[in-house]
Colleague: 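I'd like to ask some things about the structure below.
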Amino acid sequence: MATITLKNGDSFDAKDDKRLVLAIRDHGVDILHRCGGFAKCTTCRVKFVEGEPDKMTEAEHTRLTESELMGEIRLSCQILCDHPMTVEPLMTQTSENRSTPGNRPQDHITPPPVWRDAVNE
């Protein structure tokens, strides 16, 4: 189990290797995931306070680079809960005035991950 702490101090345990977006959502926290967890829309963005992973998927790297967000945010749909981390969800259903957060992402990372070192370029 990995302990996930939100910036507001709320914390909860997530099963090893659960997608961060699902851990946050399943804990009842308001977070967007408009593309359904495919690293396409960047609405599941989080900012790390502590415990930022040192690896990322190729899909996350591509999306953050294309969106000029590399080094500013991470995509919770592309992160596994495999260690303690403190995060702040940045885009929520409430803040973005959306009727739904998006389709529930699959339990496994999509697209199938190709891992690389996380580099803040």
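The figures here come from the full heavy-atom set of this structure, side chains too, leaving out hydrogens, waters and symmetry mates.
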Colleague: For the atom pair CG (Leu32) and OG (Ser76), what is the distance rounded to the nearest 0.5 Å?
Modeller: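 So the CG of Leu32 and the OG of Ser76 are separated by 10.0 Å.
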
Colleague: Restricting to side-chain hydrogen bond (donor to acceptor under 3.5 Å, both in side chains), what partner residues turn up for Asp16, sequence neighbours left out?
Modeller: none

Colleague: Test your reading of the model: is there a side-chain donor-acceptor pair from Asp17 to the backbone of Leu80, 3.5 Å cut-off?
Modeller: no

Colleague: Report all side-chain donor-acceptor pairs from residues 85-92 shorter than 3.5 Å, counting only partners two or more places apart or in another chain.
Modeller:
from	atom 1	to	atom 2	distance (Å)
Thr92	OG1	Ser95	N	2.9
Thr92	OG1	Ser95	OG	3.0

Colleague: Has the side chain of Arg34 got a donor or acceptor atom that lies under 3.5 Å from a matching backbone atom of Thr42?
Modeller: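 No, the answer is negative, given that no donor and acceptor are paired below the 3.5 Å cut-off.
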
Colleague: Is it true that Arg63 and Glu66 have a side-chain N and a carboxylate O under 4.0 angstrom from each other?
Modeller: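 Yes, this pair counts.
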
Colleague: Just by distance, do the side chain of His33 and the backbone of Asn103 share a donor-acceptor pair under 3.5 Å?
Modeller: yes

Colleague: To check you understand the geometry: which heavy-atom pair defines the closest contact between Arg19 and Pro105, and what is its length?
Modeller: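 Where Arg19 meets Pro105 most closely, the heavy atoms are NH1-CB, 3.7 Å.
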
Colleague: Which value, rounded to the nearest 0.5 Å, describes the distance between Thr62 atom OG1 and Gln78 atom CD?
Modeller: 10.0 Å

Colleague: Name every donor-acceptor pair, under 3.5 Å, that has one atom in a side chain of residues 4-13 and the other anywhere in the protein, sequence neighbours excluded.
Modeller:
from	atom 1	to	atom 2	distance (Å)
Asn8	OD1	Asp10	N	2.9
Asp10	OD2	His27	NE2	3.1
Asp13	OD1	Thr3	OG1	2.9

Colleague: Does a salt bridge link Arg104 with Asp26, judged by any charged N lying under 4.0 Å from a carboxylate O?
Modeller: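 Looking at Asp26 together with Arg104, the answer is yes, because their closest N to O distance falls below 4.0 Å.
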
Colleague: Mind checking the OG-NZ spacing from Ser67 to Lys40? Nearest 0.5 Å is all I need.
Modeller: 11.5 Å

Colleague: Report whether Leu20 and Ile31 are members of the same hydrophobic cluster (ILVMFWY, side-chain heavy atoms less than 4.5 Å apart, transitive linking).
Modeller: yes

